[in-house]
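Each remark here refers to the structure printed beneath this line.
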There are 2 protein chains.
Amino acid sequence: MGHGMASRTDTKTRILDAAEKLFAERGFSETSLRLITSKAEVNLASVNYHFGSKKELIRAVLARYLDVFMPSAAAEIQRLFKNPELANLNEIFSSLIKPLLELNQVRHGGTTIFLQLLGRGYIESQGHLRWFITTHYGKYLEAFVKAVSASAPHIPPAEMFWRLHFTLGTIVFTMASADALNEIAEADYGEHNDTEAIIRKVIPYMAAGVSVPILAKE
Amino acid sequence: MGHGMASRTDTKTRILDAAEKLFAERGFSETSLRLITSKAEVNLASVNYHFGSKKELIRAVLARYLDVFMPSAAAEIQRLFKNPELANLNEIFSSLIKPLLELNQVRHGGTTIFLQLLGRGYIESQGHLRWFITTHYGKYLEAFVKAVSASAPHIPPAEMFWRLHFTLGTIVFTMASADALNEIAEADYGEHNDTEAIIRKVIPYMAAGVSVPILAKE
DNA sequence: GTTTAATTTAAACGGGTGTTTTAAATTAAA
DNA sequence: TTTAATTTAAAACACCCGTTTAAATTAAAC
């Protein structure tokens, strides 16, 4: 099973680069392998040769980001825990900004692409992706949940479960429609927000929602 | 152009009923007309005969809910405005509960289906649906935005625009994955939440996020 | 009851999909 | 230089899609 080097960029990489861009823009099922391979300037059959199937290509595209993001995010959380004073929610959420923006160095537009892929994946793949992420990156997620729970101790675990998924929905839906929202915002309010600006807008929103006290039932 | 009555349920209605269920469960592009017509026990061609195209069927499915929900929601908002004391955000969001739950009387599971359709539509149909909703139901939306803005006057309009879309993402993503989330919540915490319970959980979260003060830049 | 219009049916059309196959070209190893 | 393994290339495969057509059926109007 030796691996030869291709003349230009690696065929596998060319496919991944073209695929992630198209997947993020149009969704998985709306993106055909023929479109991917023509943008990547490789042969149609090479997708199945290198990845086996479209489904596995989707996983490979996501894994390339998750493998960078998850350890980096976990390290940031760890760093917070080491800190003597208990971090507040805004700080915990903000600690993800650096790992997210680092993805822009991995690839141009990486942060947006990653978050859009995450959103598409959660919505399109009826639970498959959720399973894939929790089984492959569960240890990283646990640390994050633990940190959030510790800084909002008045929220019981079951309630926190729901609120963290509200949070996931907030960020994921926002990024999936970020381009469209920016167009409207630009037309109506004359302001354009890049990915970092949107992230910085959404963090206070999520932090406030996660930590809001539970009302006594009427 | 007279209209005859079919023997069983109206063919048009049978198509709409089958379509909305499948659309909500699997998304628009993942649901073929052949699947819809087989579930509805009608002929494949009847979709194009009655609706013209799949795209128009999608719009018809959504309109059937929006035509009920929007006026009802607007009436509730109106009622709040009539009230002397300015309603707070929780009350404004909560005023949508009744219109939402009324959809369950229109059709079984109507509330969930409607919210899921809304989410699918916003994400899948690259802007088409957003345009359809704002142009057809814009006057209703304006009243809602006005009410929310009035009860959070410290949030400038551009910021409120983003926060309201965060809110849309929160509710829409949550409902789209409500079944999956409930499965996990049941296994991990032994509690099951119906649609109303989830809505009541998410409202304080959204209200807190929308009204949280804007931090001064560091 | 006959004519006219509305609806339903079955079949086909043209095109796009993921995947597989076959053979040629390229690269690595012997 | 010969042999083997890998990678590319083009074509075909089998299937599903939304849509259209034209005939059969049903309902309404006269």
Side-chain angles (χ1 to χ4, degrees), chain A residues 1-23 25-62 117 120-121 124-126 128-129 132, chain B residues 1-23 25-62 117 120-121 124-126 128-129 132:
Chain A
M1 276 207 203
H3 284 273
M5 272 292 149
S7 49
R8 314 168 292 174
T9 318
D10 199 34
T11 299
K12 228 167 152 173
T13 307
R14 295 179 66 87
I15 294 172
L16 287 169
D17 288 347
E20 69 171 32
K21 197 154 173 284
L22 292 166
F23 284 155
E25 283 171 2
R26 339 158 105 252
F28 300 112
S29 63
E30 303 291 332
T31 304
S32 69
L33 294 183
R34 282 169 176 82
L35 181 60
I36 293 170
T37 52
S38 77
K39 289 267 183 194
E41 297 181 89
V42 300
N43 189 268
L44 168 63
S46 59
V47 172
N48 287 68
Y49 177 78
H50 285 289
F51 297 96
S53 68
K54 184 180 180 179
K55 197 169 277 182
E56 288 174 77
L57 170 62
I58 294 174
R59 277 208 286 268
V61 164
L62 271 156
L117 288 174
R120 301 274 186 198
E124 274 194 43
S125 69
Q126 197 73 4
H128 300 165
L129 180 74
F132 173 72
Chain B
M1 275 207 205
H3 286 272
M5 273 292 149
S7 49
R8 315 169 292 173
T9 319
D10 198 35
T11 300
K12 227 167 153 174
T13 306
R14 295 180 68 86
I15 294 172
L16 287 169
D17 288 347
E20 68 170 33
K21 196 152 172 286
L22 292 166
F23 284 154
E25 282 171 2
R26 339 160 103 252
F28 300 113
S29 63
E30 302 293 330
T31 304
S32 70
L33 294 183
R34 281 170 175 83
L35 181 59
I36 293 171
T37 52
S38 78
K39 288 268 181 192
E41 297 181 87
V42 300
N43 188 271
L44 167 62
S46 59
V47 173
N48 286 350
Y49 177 77
H50 285 288
F51 297 95
S53 69
K54 184 180 181 180
K55 197 168 277 181
E56 288 175 77
L57 170 62
I58 294 174
R59 278 207 286 267
V61 164
L62 270 155
L117 289 174
R120 301 273 186 198
E124 272 195 44
S125 68
Q126 198 74 1
H128 301 165
L129 180 75
F132 173 72

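Per chain, numbering begins at 1; letters A, B, ... match sequence-line order.
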Distance check needed: [N] [atom2] versus [X] [atom1], whole Å only.
X       : N      : atom1 : atom2 : value
A:Leu33 : D:dA12 : CG    : P     : 20 Å
B:Lys12 : C:dT8  : NZ    : P     : 11 Å
B:Ile15 : C:dT9  : CD1   : C1'   : 13 Å
B:Glu30 : D:dG18 : CD    : P     : 11 Å
A:Lys54 : D:dC15 : NZ    : P     : 19 Å
A:Asn43 : D:dA12 : CG    : C1'   : 13 Å
A:Glu41 : D:dT7  : CD    : P     : 20 Å
A:Asn48 : C:dT17 : CG    : P     : 14 Å

Quick check: are there more than 12 heavy atoms from other residues, nucleotides or ligands sitting under 6.0 Å from NZ of B:Lys54? yes
So how far off straight is the helix from C:dG1-D:dC30 to C:dA30-D:dT1, going by the axes through five pairs at either end, to 10°?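 Axis angle across the helix from C:dG1-D:dC30 to C:dA30-D:dT1, nearest 10°: 0°.
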Do the non-hydrogen side-chain atoms of A:Phe51 and A:Leu16 ever get within less than 4.5 Å of each other? yes
Between B:His50 and C:dT8, is there a contact of a side-chain N or O with OP1 or OP2 at under 4.0 Å? yes
Tell me whether the side-chain N/O atoms of A:Thr11 come closer than 4.0 Å to OP1 or OP2 in D:dT8.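 Yes, within the criterion.
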Classify the side chain of A:Arg34 versus the base of C:dG16 as yes if they form a donor-acceptor pair under 3.5 Å and no if they do not. no
Taking atom [atom1] of [X] and atom [atom2] of [Y], what is their separation to the nearest 0.5 Å?
X        : Y       : atom1 : atom2 : answer
B:Lys39  : B:Leu22 : NZ    : CG    : 6.5 Å
B:Leu62  : B:Leu57 : CG    : CG    : 10.0 Å
B:Ile36  : B:Lys21 : CD1   : NZ    : 12.5 Å
B:Arg120 : B:Phe23 : CZ    : CZ    : 11.5 Å

Heavy atoms under 4.0 Å, any strand shown: does A:Ser29 hit a base, just sugar-phosphate, or nothing?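 Since no nucleic acid heavy atom lies under 4.0 Å of A:Ser29, the category is nothing.
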Base, sugar-phosphate alone, or nothing: which one does B:Ser32 contact when heavy atoms must sit under 4.0 Å apart? sugar-phosphate
Can you tell which of C:dT7, D:dT7, D:dA10 lies closest to the side chain of A:Ala45? D:dA10
Nearest to the side chain of A:Ser53, heavy atoms from C-beta on, is which of C:dT8, D:dT8, C:dT19?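 For A:Ser53, the side-chain atoms sit closest to C:dT19.
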Look at the side chain of B:Glu124 and the backbone N and O of B:Gly27, then say whether any donor-acceptor pair between them is shorter than 3.5 Å.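 Such a contact is absent between B:Glu124 side chain and B:Gly27 backbone.
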